[in-house]
Amino acid sequence: MNYRFQNLLGAPYRGGNAIITNNTELISPVGNRVSVTDLIKSQTITLPVQSSSNITRIAASPDCVFLLTVDENHRCQFINLRQRVVLHRISFKNAVNAIKFSPDGAHIAVATGKLVQIWRSPGFKKEFFPFELVRTFADCDDKVVSLEWSPDSSYLLAGSKDLTARLFCMKKLKFGVFKKKPFMFLGHRDTVVGVFFGIDKNTNKVCNVYTVTRDCYIFSWGMSGNEGEFDGMDVTEPPSPGTPDRDGDGTVEGVGSGDIKKRKGYEGRGGNLDEEGGYLQNRKWELLRKDNFMQAQAKLTACDYHRGLNMLVVGFSNGVFGLYQMPDFVCFHLLSISREKITTAVFNELGNWLTFGCAKLGQLLVWEWKSESYILKQQGHYFDVNCLAYSPDSLLLATGADDNKVKVWTVSSGFCFITFSEHTNAITALHFMANSNSLLSASLDGTVRAWDLFRYRNFRTFTTPESRQFVSLAADQSGEVICAGTLDSFEIFVWSMKTGRLLDILSGHEGPVHGLMFSPTNAILASSSWDRTVRLWDVFNGKGAVETFSHTHDVLTVVYRPDGKQLASSTLDGQIHFWDPIDGLLMYTIEGRRDISGGRLMTDRRSAANSSSGKFFTTLCYSADGSYILAGGSSKYICMYDVADQVLLRRFQITHNLSLDGVLDFLNSKNMTDAGPLDLIDDDNSDTEEGIDKQTRGKLGYDLPGSMPNRGRPIVRTKSLRIAPTGRSFSAATTEGVLVYSIDDSFIFDPTDLDIDVTPEAVDAALNEDQLSKALILSLRLNEDSLIKKCIFTVNPIDIPAVAATIPYRYLQRLIEAFADLLESCPHLEFILRWCQELCKAHGNSIQQNFRQLLPALKSLQKAITRTHRDLADTCSSNEYMLRYLCSASSGK
């Protein structure tokens, strides 16, 4: 039962800024979570921490240990990336448009509204007041949208919507005096979306400043003037036209030190600048050149600059990106990668890879500009995922969505490797065939398609004489017969898989057939419909409905237990009914209305407790051994029930994201006005850009008049649930994407199997005395993973048969799970396979008689062996061809 969140699939990117750490790790926000992609291993993980709403800005420390995330509610989290835990939290008063660590890691610059705040960076230590505000710059007249630190952390550039860029000094003058006014870079005609320092490679000091504007211009600024001394407190730049006459000081001035002084009370007089940080203070900046990117009718939406290579990458609202060599403004590449605007563009540390994000399409690309090849190319579903299917070996996961696409993902890496887009309407059901090489999909476009996962093509299409909308799908165990239920004609169509011919049409239901499933043990088909019945059909004998199970409310879905001896159906009144399909009797019922009861929607007139909407299960799934069942619906919860005792074991809350509707149980009465709830009043700021200032969502039909009852906020729900055949994980198709939960069995302590003599010391003592069987059984009783593996490796290959024969049956499952885990990572392949072989020889009868309990562990072992075999087969084939080539080359000479 100890499932915990592992990964998020189906949505690699929805907006905000992406960053690259350690040169090869791509970090991107997905909803209120953070996804980390290893570009070398081609593997993605999602951090287990959640923000209160969608994340808009992220920043990583220079040593790549800490991560800052800021969400739409202005709440910030300080995360330890290595341990994947939140260390500190803070809330800002205004929206954060930019955030950046200083190069020395000591400070954090935050652009919150019109202010630029400098905070002391917290550390690992838990403290009461981790964030300390060091200084506030209040010189800007509009929102600050871009920030850049100088290499020595002494200066800060800020670009603003007031059409200016400002240079702030972080260092004190001698005697603790700060510079009063920043230097202003003027002459822009649109928002300054990017500001960058150009570095002299010989001295490693700032020599240029580049400002990039939204109207596709780049300004190059150079220093002029001589370095000199200042006298008195009047340390200001030469007057610039339109410079506001304002005192930019804060209340407390101090840079991380304990000597806090008030500026107005300071009586000291003037002095020279600090040698370390004063070399930009007394310089005047002049405009060297102004260049246009020549993208008519487009706006510049993303940019980044690499100091080492002196190169600039820019992305535009028409999907075009450009790569330029500075300061000469030479264009290397100008390519189109999308039809929608590019919302993030960033270099990696070496500057050889470019990362682009397109929020509206959910695209995330990593491109190597020298070889002009893709390192990463991922795209999520444009709309919500409707259905899921695991392959029989649990290696693959297929998803279908309202965007008419079927995607197949590798579960271990979290990557999509193929997308099928032949359907012309929403995908409603998916089914993997028993050999894992083909996939079936049903759609509202009136077709059922079969996909070849070797050649990546649609090899068969099943249709009907008249166009129908399919909403359910099933195939028998042999894979010879395909069945699909319809939404409009209430019929079930039966086809032959080999010929594609329509064999039969099963009529009898009086409502949409939303549930279909073949019995795992025989050819009986179960169907559920909104006509309040579950019907069993003998498809091969053509007898029609064999039996009908009547309910008091509409039946929403139906599933068989893996052994075929039980049937579960959910109804509109929130109940789960368990039937004996052999005797046709109702075994028991679970009342789940209170368990599935979710939060309150903005449009609800009643409280969540009194509302009747959504208190039912739309998807059910049995565990691999049939002992418990998962249930989900239009709620923020997934419920896990024990079937035998009909009790709720656990509730999983799929998200805490307040950007979704239905997460809060109680709405704040302060937000109620005479015109209705404050959140429903349409007062959107037209300056807010989707994908840049906030994450974007596919709005299916929300652009039509009157179709935005809750202003287009997605409602949290679970549309589909599937448990992997190995039983080690389950997936949920939710509003946030496809959530994957896996079993956390790093250490499970079972005190019922222990006595005073079962200790790690006893295991070591048995090993020292060469009592290998005793040591292994003691370690299995302790159930400590490291001890079990230690005992396995201590056994000599010659002694494996004798030790395997002494293992009691009750510990077989734990031992098989250990072997499956070892096969994933251990190099001693032959040794582990020898163990598996001897275990099967010694306990074959017990395994066969109790296959239901051992099925999840055996499937995990099969999955591990299959993957290893596939890897070895590829390597052997490659070596064989290489040897053939070398032999032929040598004989030719």
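Annotation: ring pair (Phe, Tyr, Trp, His ring centres under 6.0 Å) contacts involving residues 334-353, sequence neighbours excluded, comprise H306-F347. Screening residues 43-76 for ring pair (Phe, Tyr, Trp, His ring centres under 6.0 Å) gives F66-F78, F66-F124 as the qualifying pairs, with residues at least two apart or on separate chains.
Atoms CD and CZ, from Q325 and F332 in turn, are 4.5 Å apart once rounded to the nearest 0.5 Å.
Looking at every heavy atom in both residues, D200 comes nearest to C207 through N-SG, 3.5 Å. Scanning both residues, G357 and L364, for their nearest heavy atoms gives CA-CD1, 4.2 Å.
For W285, the side-chain hydrogen bond (donor to acceptor under 3.5 Å, both in side chains) test picks out no residue, with sequence neighbours left out. Remark: F420 pairs with W451 by the ring-ring contact (aromatic ring centres under 6.0 Å, His included) rule, at least two apart or across chains. Residues passing the ring-ring contact (aromatic ring centres under 6.0 Å, His included) test with H656: none are found, sequence neighbours excluded. Listed by chain and number, the residues in a side-chain hydrogen bond (donor to acceptor under 3.5 Å, both in side chains) with T46 are N7 (sequence neighbours excluded). Applying the salt bridge (charged side-chain N to carboxylate O under 4.0 Å, His left out) test to K100 and every residue at least two apart in sequence or in another chain returns E148. Remark: F196 engages Y305 in a ring-ring contact (aromatic ring centres under 6.0 Å, His included) (not counting sequence neighbours). Residues satisfying the side chain to side chain contact (heavy atoms under 4.5 Å, CB included) criterion with R289, sequence neighbours excluded, are S220, D291, F329. Applying the side-chain hydrogen bond (donor to acceptor under 3.5 Å, both in side chains) criterion to K299, with sequence neighbours excluded, gives no partner residue. For F219, the ring-ring contact (aromatic ring centres under 6.0 Å, His included) test picks out H188, with sequence neighbours left out. With sequence neighbours excluded, no residue forms a side-chain hydrogen bond (donor to acceptor under 3.5 Å, both in side chains) with N22.
The aromatic rings of F321 and W367 sit perpendicular to each other, their planes meeting at more than 60°, with 30° as the lower class boundary.
Using a 4.0 Å cut-off between a side-chain N of Lys or Arg and a carboxylate O of Asp or Glu, R33 and E736 do not qualify as a salt bridge.
For R307, the CZ atom is densely surrounded, since the number of other residues' heavy atoms within 6.0 Å is greater than 12.
Each of R339, Q297, E340, Q295 was scored for a side-chain hydrogen bond (donor to acceptor under 3.5 Å, both in side chains) with N318, with one residue passing: Q295.
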